[in-house]
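Encoded as structure tokens, the structure appears first; notes follow it.
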Amino acid sequence: MVIIADSNVQYKAVINIENIVATVTLDQNLDLYAMERSIPNIEYDPDQFPGLIFRLEQPKVTSLIFKSGKMVVTGAKSTDELIKAVKRIIRTLRRYSIRIIGKPKIQIQNIVASANLHVHVNLDKAAFLLENNMYEPEQFPGLIFRMDEPKVVLLIFSSGKMVITGAKREDEVYKAVKRIFEKLNELECISAVEEEEELEL
Amino acid sequence: RWRKWQIRARIQSSIDRNLAQAMNELERIGNLLNLPKSVKDEAALIYRKAVEKGLVRGRSIESVVAAAIYAACRRMKIARTLDEISQFTKANRKEVARCYRLLLRELDVEVPVSDSKDYVTRIGSLLRLSGAVMKTAAEILDKAKNVGLTAGKDPAGLAAAAIYIAALQNDDRRTQKEIAQVAGVTEVTVRNRYKELINELKIQIPTQ
DNA sequence: GCTTTAAAAAGTAAGAT
DNA sequence: ATCTTACTTTACAAAGC
């Protein structure tokens, strides 16, 4: 959790990285059937999905392992956690005598974060003034804003809470939150939260 | 050149064939939804733009027509939910919604944020409510919007609750059940919106 | 386009108590 | 009536249909 306070603007955001999606490349092919036979608690149904599903309890992540030696790891809440999880997954595979050669190449593909600006957002006004947005309360309560720089998508709620997704680096998340705050502020789509309401959270 | 003219003619004829089929679908769905001609015309205009931009490729004509109808309804302020529209197509709501988003992103079609007051008109006519009830409901919704009670909420649910209150205030009691049914929301939603409107707007309900 | 995984936001829905 | 569970939206990769 990161709390950002900026003295220039009255800006206080609580930001949480909620989920990191990454790909891991092992330069070798894998025998998923052999893995399914030897490793416990694994799901593998090639008719349903080509990847084998492996859940690690600590750090709690889930990985999809493919026969090409590529994997998708989801659920990590920080880069450190992601790296630790990948190391443990590989150690586990080796423990069940799956030969793993070389070191894995980890690439973060997407970071999902949540943030709270502690303000009320006028979504109707924002929908009218912001570019590249979609606000369809019949379908979803949040306003969907596509930011160009950093290139992320934000789901903004009237409570001042939001979801940021599409980032590939953590700093893009912080930059995006700061930018959306400034933007909403300039467009006068923000109003203060009553102190009473603030306390209940 | 001749070749170029030939290609253009071929493309035009494929667009014409697509349009002909689409107009039939538009007429069929539009009539099932009891839409006025103005909305059907607007939907036709939107659909034509979509075909000319090649947005229908890889998608069913029917779902794009449905999406165009939805967009037209929103522009003309004739309330119809995506569920109501998609029930007359082979596609489901999700697919029609996908096409609608495509139209929004690819065409220069301005669609206003959906207005709960449009649903007051819709629900009101289905329940044959008086103008007075609908006027009261609209006033409630205006106040609710002004105090920021409506953001993110389903306009149909808001309208349903406002109508429930307005009907009570005008001595024309309707059950939450019948209102919820025509509004296309659950009774629980009507109740939740109702409680919120009553509490936040300090509305007095005639006690009986 | 779909399939599978993860996670948050806030609203709505469905079935059970 | 209230609770629990689940679905709506966003992004992204993997391999195959």
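A note on names: the letters A, B, ... follow the listed sequences, proteins ahead of strands, and every chain is numbered from 1. The figures here come from the full heavy-atom set of this structure, side chains too, leaving out hydrogens, waters and symmetry mates.
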Spacing between Asn192(B) atom CG and dA13(C) atom P, to the nearest angstrom: 10 Å
Separation of atom NZ in Lys161(A) from atom C1' in dA10(C), rounded to whole Å: 10 Å
Atom P, compared across dC2(C) and dT8(D): separation rounded to whole Å: 12 Å
Closest to side chain of Ser159(A), choosing from dA7(C), dG11(C), dA9(C): dA9(C)
d(NZ, Lys195(B); C1', dG11(C)) in whole Å: 15 Å
Atom-pair distance (CG on Leu82(A); C1' on dT5(C)), nearest Å: 14 Å
CA sep, side-chain torsions, deciding dist, call: Asn18(B), Tyr47(B), side chain to side chain donor-acceptor pair (under 3.5 Å): CA-CA 10 Å; Asn18(B) 184 307; Tyr47(B) 187 88; 2.6 Å; yes
Atom NZ of Lys77(B) with >12 non-hydrogen neighbours under 6.0 angstrom: yes
Presence of Arg193(B) side-chain N/O under 4.0 Å of dT12(C) phosphate oxygens OP1/OP2: yes
Sugar-phosphate only, base, or nothing, as touched by Ile53(A) at under 4.0 Å among non-hydrogen atoms: sugar-phosphate
Nucleotides 11-17 of chain D: protein proximity per nucleotide (B base, S sugar-phosphate only, - neither; heavy atom, under 4.0 Å): BBBBBS-
Asn133(A) CG to dT9(D) C1', straight-line distance once rounded to whole Å: 14 Å
Pro112(B) and Phe128(A), any side-chain heavy atoms less than 4.5 Å apart: no
Heavy atoms of other groups near Lys145(B) NZ, more than 12 under 6.0 Å: no
Below 4.0 Å: OP1/OP2 of dA13(C) and any side-chain N or O of Thr186(B): yes
Nucleotide dA6(C), atom P - distance to CD1 of Ile65(A) in whole Å: 14 Å
Criterion ring-ring contact (aromatic ring centres under 6.0 Å, His included) against Phe157(A), the qualifying member of Phe145(A), Phe140(A), Tyr135(A): Phe140(A)
Rounded interatomic separation in angstrom, taking CD from Glu196(B) and C1' from dT12(C): 13 Å
pair Leu93(A)-Met35(A): side-chain heavy atoms closer than 4.5 Å: yes
Thr62(A) side chain near dA6(C) phosphate (N/O to OP1/OP2, under 4.0 Å): yes
Rounded distance in Å between the P positions of dC7(D) and dT4(C): 11 Å
Nearest-Å distance once atom C1' is located in both dA15(D) and dA8(C): 28 Å
Between Glu138(A) and Ser114(B): side-chain donor-acceptor atoms closer than 3.5 Å: yes
Heavy-atom side-chain contact between Ile108(A) and Glu170(A) under 4.5 Å: no
Greater than 12 external heavy atoms within 6.0 Å of Asn146(B)'s CG: yes
From CA spacing to verdict: side chain to side chain donor-acceptor pair (under 3.5 Å), Ser63(B), Ser60(B): CA-CA 6 Å; Ser63(B) 38; Ser60(B) 75; 2.5 Å; yes
Side chains of Arg37(A) and Tyr33(A), donor plus acceptor under 3.5 Å: no
Sole residue of Glu187(B), Arg191(B), Gln181(B) in side-chain hydrogen bond (donor to acceptor under 3.5 Å, both in side chains) with Gln176(B): Arg191(B)
Rounded distance (Å) that lies between atom P of dT12(C) and atom OH of Tyr119(B): 12 Å
Residue pair Asn133(A), Ile156(A): steps toward the side chain to side chain contact (heavy atoms under 4.5 Å, CB included) verdict: CA-CA 10 Å; Asn133(A) 82 85; Ile156(A) 306 166; over 6 Å; no
Residue Lys60(A), side-chain heavy atoms: nucleotide from dT5(C), dA7(C), dT9(D) that is nearest: dA7(C)
DNA chain C: 5'-proximal contact among Val163(A) and Glu187(B) (nearest heavy atom): Val163(A)
Mind listing the N/O atom pairs, protein and nucleotides 4-8 of chain D, below 3.5 Å?
residue: dT8(D); atom: OP1; partner: Lys94(B); partner atom: NZ; Å: 3.2

Strand DNA chain C as a dot-bracket string - pairs counted if Watson-Crick or G-U with both distances under 3.5 Å, | where the partner lies in another strand: |||||..|.||||||||
P-based separation of dT9(D) from dA13(C) [nearest Å]: 15 Å
5' precedence on DNA chain C between Asp154(B) and Ala113(A) (nearest-nucleotide basis): Ala113(A)
Sugar-phosphate only, base, or nothing, as touched by Gly160(A) at under 4.0 Å among non-hydrogen atoms: nothing
Spacing of the P atoms in dC3(D) and dA7(C) (rounded, Å): 25 Å
